[in-house]
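When a ligand or atom number is given, it counts from 1 through the structure's own listing order.
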Amino acid sequence: MPPLFPERASTMATRVDALYFFLLALAVFFSLLIAGLIVYFAVKYRRRSPESVGAHIYGGLGLEVTWTVVPLLITMVIFVWGASVYFAMATPPEDTLNIYVVGKQWMWKFQHLDGQREIDELHVPSGRNVKLITTSEDVIHDFFVPAFRMKADVLPGRYVSLWFHPTKPGRYHIFCAEYCGTRHSGMTGEVVVMEPSDYQTWLSGGAPEGSLASAGEKLFQDLACITCHRADAQGRGPVLQGLFGKTVHLQNGETVTADEAYIRESILNPATKITAGFQPIMPTFQGLVSEEQVLELIEYVKSLGTQPQVEPPRAAPQGPAPGETTPVKK
Ligand code: CUA
C-alpha cells in the first residue's frame with residue numbers, strides 16, 4: 001500500500017497534520033451522524049398507511065439553539081487553531097539560518113550566505129531554524145516541500161520568506177506547485193537535511209567565491225556604486241552603512257523600511273523612492289545585474305549594518321533627516 005502521507009520532517013509538519021486530522025475526524029463524524037440519522041428517520045417515520053398525514057411542527061427553540069451554538073463553537077475552535085498554525089508559519093523566528101532561493105524556468109537556485117551555490121539541491125543542518133528568502137527571475141513558481149508541510153508562491157519582483165525547522169536528517173522532495181510552463185513538472189529538487197557536524201563538513205567543502213556579502217562588495221566596486229555611496233556622507237548618494245532595517249525618509253514625505261525589497265527596488269528602479277535630500281541621479285541597473293547579483297548586493301548592504309559606524313557630522317541639506325533610527329535586526 002502506498003503511503004498516504006508524506007513523512008513528517010519538520011516541527012510544523014506535526015502541527016499541520018494534527019489540525020488536518022482534527023478536520024478529517026470532524027468531517028467523518030458528522031458525515032456518519034447525518035447519514036445514520038437519515039436512514040434511522042427514514043425507517044422510523046416511514047409512511048405506514050396510504051392515508052397517514054405527517055404532523056405539523058412549528059419550531060423548536062432548544063433544537064435550533066443547539067444546532068446554532070454547537071457549530072459556532074466548533075468553527076471557532078477551527079478558526080483559532082488554524083490561525084495559530086498560520087501565524088507560526090508566517091512568522092520566522094529571530095535566530096534563523098538564511099538562504100536565498102531564486103526560482104527560474106525550470107530550476108531552483110540556492111545561495112548560502114557563506115557563498116555556496118546549489119541548483120535543485122539544498123543542504124541544511126537538522127535542528128536549526130532555516131529561513132528561505134525566495135524570489136523568481138521570470139514567472140510565478142511555488143516552493144513546496146511536502147515533508148515540511150511548507151508551501152509558498154515564489155514571485156518575480158518580490159521577496160517572500162518562509163521558514164522551517166527540520167527535525168530529522170534525510171532527503172526530502174521539493175516540488176514546484178504552480179504551473180510555470182512546459183517543464184513545470186520537472187522543476188523538482190531535494191532538501192538534504194544533515195546532522196550539524198556533517199553540515200559543517202559540507203560547508204567547509206567549498207565556497208570558491210567567498211561569502212555572498214564579499215561577492216556583493218566586489219560587485220559594488222565593479223559597478224562603481226562606491227563613487228556615490230560613500231561611507232563618509234560626502235557622496236552624491238545616501239550612506240549605506242547601517243542602513244538595513246532602518247526607516248528611510250523619502251523626498252515625497254513618506255517613509256519606508258530599508259528591507260530587501262526596498263534595496264532591490266532602489267537598485268533596479270532607483271527613481272521610484274528618492275531619499276529625502278538627494279537628487280534622482282542614480283541610473284537603473286535593470287538588465288545589468290541578475291537576481292543573484294541583486295541578492296549579493298543586498299547581503300553586502302546588510303553586512304554594512306553590522307559594522308561599527310562612525311557618524312560624521314552631516315551637511316545640512318544632505319543625508320536623511322535625523323531621528324530615523326530603529327534598531328537593526330539581524
Ligand atoms: Cu516552476 Cu512550476
Side-chain angles (χ1 to χ4, degrees), residues 2-10 12-13 16-17 20 85-86 89-92 96-113 115-124 129-166 170-194 202 209 212 215 259-265 267-269 285-299:
L4 283 175
F5 279 85
E7 222 174 324
R8 277 189 280 268
S10 78
M12 209 48 77
V16 170
D17 282 7
Y20 179 78
V85 173
Y86 175 82
M89 277 178 156
T91 323
T96 50
L97 174 70
N98 294 354
I99 297 166
Y100 286 102
V101 182
V102 178
K104 175 189 186 302
Q105 286 171 322
W106 288 276
M107 63 176 82
W108 296 107
K109 298 189 280 190
F110 301 98
Q111 279 179 294
H112 296 256
L113 296 192
Q116 285 84 359
R117 289 155 193 278
E118 306 186 74
I119 288 180
D120 290 344
E121 201 173 52
L122 170 63
H123 289 77
V124 293
N129 296 323
V130 181
K131 181 163 88 173
L132 304 179
I133 303 164
T134 72
T135 192
S136 165
E137 65 177 65
D138 39 46
V139 299
I140 299 176
H141 301 277
D142 189 300
F143 193 82
F144 181 30
V145 182
F148 301 157
R149 310 293 187 273
M150 178 179 74
K151 188 174 177 209
D153 273 5
V154 170
L155 306 166
R158 269 204 249 174
Y159 294 113
V160 175
S161 292
L162 42 163
W163 77 278
F164 60 100
H165 184 107
R171 303 179 77 92
Y172 306 102
H173 282 295
I174 301 168
F175 294 105
C176 179
E178 178 76 47
Y179 181 68
C180 56
T182 313
R183 289 187 46 222
H184 153 71
S185 63
M187 193 170 163
T188 58
E190 269 186 330
V191 181
V192 183
V193 178
M194 312 171 89
W202 179 84
E209 297 149 56
L212 216 53
D259 57 6
E260 287 96 349
Y262 169 72
I263 295 171
R264 179 181 186 280
E265 184 184 44
I267 296 167
L268 301 179
N269 298 303
F285 285 83
Q286 192 102 50
L288 296 175
V289 289
S290 66
E291 288 294 340
E292 278 103 330
Q293 288 175 321
V294 171
L295 296 175
E296 290 171 357
L297 289 169
I298 289 174
E299 265 319 299

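Ser136 contributes a side-chain N or O that, together with a main-chain N or O of Asp138, makes up a donor-acceptor pair within less than 3.5 Å. In this structure, the side chain of Gln293 engages the main chain of Ser290 through a donor-acceptor pair within 3.5 Å.
Between Cys180 atom SG and Cys176 atom SG, the angle centred on atom 2 (Cu) of ligand 1 amounts to 120° (nearest 10°).
Checked against atom 2 (Cu) of ligand 1, the N, O or S atom of His184 at the shortest distance is ND1.
For residue Tyr179, no N/O/S atom approaches atom 1 (Cu) of ligand 1 to within less than 2.8 Å. Metal site remark for atom 2 (Cu) of ligand 1: His141 contributes no N, O or S atom at a distance under 2.8 Å. Backbone or side-chain N, O or S atoms of Glu178 reach atom 2 (Cu) of ligand 1 at under 2.8 Å.
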Only pairs under 3.5 Å count here: list side-chain donor-acceptor contacts from residues 146-160, not counting sequence neighbours, and write none if there are none.
unit_1: Arg149; atom_1: NE; unit_2: Asp17; atom_2: OD1; d: 2.8
unit_1: Arg149; atom_1: NH1; unit_2: Glu7; atom_2: O; d: 3.1
unit_1: Arg149; atom_1: NH1; unit_2: Pro146; atom_2: O; d: 2.7
unit_1: Arg149; atom_1: NH2; unit_2: Pro6; atom_2: O; d: 3.1
unit_1: Arg149; atom_1: NH2; unit_2: Asp17; atom_2: OD1; d: 3.4
unit_1: Arg149; atom_1: NH2; unit_2: Asp17; atom_2: OD2; d: 2.7

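Below 30°, between 30° and 60°, or above 60°: for Trp202 and His123 the angle between ring planes is below 30°, a parallel geometry.
Between Glu292 and Arg117 there is no salt bridge, since none of the side-chain N atoms of the basic residue sits less than 4.0 Å from a carboxylate O of the acidic one.
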